[in-house]
Amino acid sequence: MRAGTGRGRLAVWGVAATFLAGTTLLGCGSDKKDSTSSTPTTAAAGAAGTISMQAGLNDPKDPNIAVLAFLPQAVTVTAGSTVEWKMAGPEPHSVTFFPPGKTAPAPGTDETLYAPTPPVNGTFDPSRLINSGLQPLGPAAAPPFRVTFPTAGTYSYVCVIHPQMTGTVNVVAAGGKVDTQAAVTARADTESNQWLTEGRAAKATLSSTPPVSTKNADGTTTWKLQMGTTTAHTDVLAFAPPSADVKIGDTVTFVNNSGAPHTASFAGKGTLPQNPLDPAVGKPAPGASPQTLNATDFFNTGLLPPNAPPGAGPPEVARSFSFVVKTAGTYTYVCLLHAPSGMAGALKVA
Ligand SMILES: [Cu+2]
């Protein structure tokens with residue numbers, strides 16, 4: 001139930017790179033050594049050129065913090081110019097322009113959008129879907145997604161798995177006032193710094209919030225562990241607390257109050273599914289709640305759905321998974337979707 005309907009869809013929703021990709025940043029203030037804009041294009045007014053920007057960003061100081069924004073949010077270019085979006089990862093994103101009369105469906109409801117819509121790099125046509133698909137889907141940054149805009153107009157786009165990620169390309173006739181690459185990079189820096197500050201503050205709050213515990217009639221305790229948090233412009237991909245001390249016989253409840261789907265998955269002596277599309281990712285450990293933590297085999301909450309729209313998601317019970325811990329030990333776990341962003345934790349049972 002909790003992860004039943006739409007499990008397969010959710011599985012691809014949070015699709016993530018298998019390894020932590022080395023991030024190459026376009027406009028991150030925390031990484032001033034900007035590899036992509038060392039030679040700013042001086043796109044003089046009226047001249048068509050290529051403008052380079054960034055789709056999303058993981059904090060170079062803390063990969064748990066994923067900026068959910070196009071950097072910068074808006075660009076203005078001359079008709080005939082090309083805009084390229086860098087997809088550094090590890091969190092995947094899309095650059096998707098919907099044709100008139102169509103809007104982005106709710107995340108996870110149309111898997112066809114996760115694949116690119118050919119031609120992947122080409123000329124913008126406002127009458128059709130222009131879609132990068134989710135990128136990157138592997139350990140390395142994806143090649144930039146490029147679109148050439150022949151006609152003046154204002155064109156909006158979104159990321160199909162992060163509805164809060166929206167952007168605008170303003171295309172003006174030759175001779176109009178347009179952005180230089182330097183201006184675009186500067187705005188990307190300003191915006192990314194702002195969102196990183198927002199995400200870091202949210203993580204600090206999440207990390208400093210003590211776990212909620214409830215005393216049970218039989219003397220045991222039920223511990224509620226949080227799976228990430230979400231702000232207007234970021235996802236914090238971290239468990240809270242990252243390491244929890246509990247006693248044999250206690251109950252642990254993972255609850256997802258964030259805006260992204262998550263799992264808490266224990267490898268035991270086995271191995272974890274590496275591919276977020278693996279059906280095992282979405283499959284919770286079988287049995288009635290609360291289950292018992294299996295100390296030796298793969299043990300999974302399955303995909304717990306997000307509390308989205310913020311605060312108006314499914315009831316908490318549908319976003320939770322509970323189990324009793326009966327064997328002493330230290331048990332590490334990860335989110336199978338966000339392990340590349342360092343989403344991991346430990347339970348210490350004594
Ligand atoms: Cu996750």
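It should be emphasised that the depicted structure is a prediction, and the values quoted were computed from it without experimental measurement.
- Taking 4.5 Å as the limit, every side-chain heavy atom of Lys177 sits out of range of all side-chain heavy atoms of Thr76.
- The only member of Asn64, Asn58, Asp59, Asp235 that meets side-chain hydrogen bond (donor to acceptor under 3.5 Å, both in side chains) when paired with Ser341 is Asn58.
- Tyr333 pairs by the side chain to side chain donor-acceptor pair (under 3.5 Å) definition with nothing, not counting sequence neighbours.
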Take Ile130 and Val147 through the test side chain to side chain contact (heavy atoms under 4.5 Å, CB included) and record every step on the way to the result.
CA-CA 9 Å; Ile130 307 286; Val147 181; 4.1 Å; yes
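- Hydrophobic clustering (side-chain heavy atoms under 4.5 Å, transitive across Ile, Leu, Val, Met, Phe, Trp, Tyr) keeps Val334 apart from Val236.
- Taking OG1 of Thr197 as the start and NE2 of His233 as the end, the distance is 12.0 Å to the nearest 0.5 Å.
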Kindly determine whether Lys224 and Glu316 satisfy side chain to side chain contact (heavy atoms under 4.5 Å, CB included), including the steps that lead there.
CA-CA 12 Å; Lys224 200 181 275 189; Glu316 184 173 307; 2.8 Å; yes
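- Proximity of Leu134 to His93: side-chain heavy atoms (C-beta onward) are nowhere separated by under 4.5 Å.
- Here the side chains of Pro241 and Leu225 are in contact, with some heavy-atom distance below 4.5 Å.
- Val252 is not listed as a side-chain neighbour of Leu293, based on a closest heavy-atom distance of 4.5 Å or more.
- Ring geometry for Tyr157 against Phe97 counts as tilted: the plane angle lies between 30° and 60°, on a 0 to 90° scale.
- Looking only at distances, no side-chain donor or acceptor of Asn257 sits under 3.5 Å from a matching main-chain atom of Thr229.
- Leu68 and Leu206 fall into different hydrophobic clusters, where Ile, Leu, Val, Met, Phe, Trp and Tyr are joined by side-chain heavy atoms under 4.5 Å apart, directly or via other members.
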N/O donor to acceptor pairs below 3.5 angstrom from side-chain atoms of residues 149-156, sequence neighbours left out:
{"from": "Thr154", "atom 1": "OG1", "to": "Asn170", "atom 2": "OD1", "distance (Å)": "3.3"}
{"from": "Tyr155", "atom 1": "OH", "to": "Thr151", "atom 2": "O", "distance (Å)": "2.9"}
{"from": "Tyr155", "atom 1": "OH", "to": "Ala152", "atom 2": "O", "distance (Å)": "3.2"}

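- Side-chain atoms of Phe145 and Asn121, non-hydrogen and from C-beta on, do get closer than 4.5 Å to each other.
- To the nearest 0.5 Å, atom CD of residue Gln73 and atom CD of residue Glu191 are 7.0 Å apart.
- Using bins of under 30°, 30° to 60° and over 60° for the plane-to-plane angle, the ring pair Tyr331/Phe266 lands in the perpendicular bin.
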Side chain to side chain contact (heavy atoms under 4.5 Å, CB included), that's the test. Do Leu113 and Leu129 meet it? Break it down for me.
CA-CA 10 Å; Leu113 294 169; Leu129 177 70; 4.0 Å; yes
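- Between the side chains of Thr296 and Asn294, a donor-acceptor pair is found at a separation under 3.5 Å.
- Within the 4.5 Å cutoff, the side chain of Cys335 has heavy atoms near those of the Phe239 side chain.
- Evaluation of the ring pair (Phe, Tyr, Trp, His ring centres under 6.0 Å) test over residues 203-223, restricted to residues two or more places apart or in two chains, returns none.
- Using a 4.5 Å cut-off on side-chain heavy atoms (C-beta onward), Phe321 and Thr263 make no contact.
- At a threshold of 4.0 Å, the pair Arg187-Asp179 counts as salt-bridged, since one of the basic side-chain nitrogens sits closer than that to a carboxylate oxygen.
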Please walk me through it: do Val349 and Ile248 pass side chain to side chain contact (heavy atoms under 4.5 Å, CB included)?
CA-CA 6 Å; Val349 182; Ile248 293 171; 3.8 Å; yes
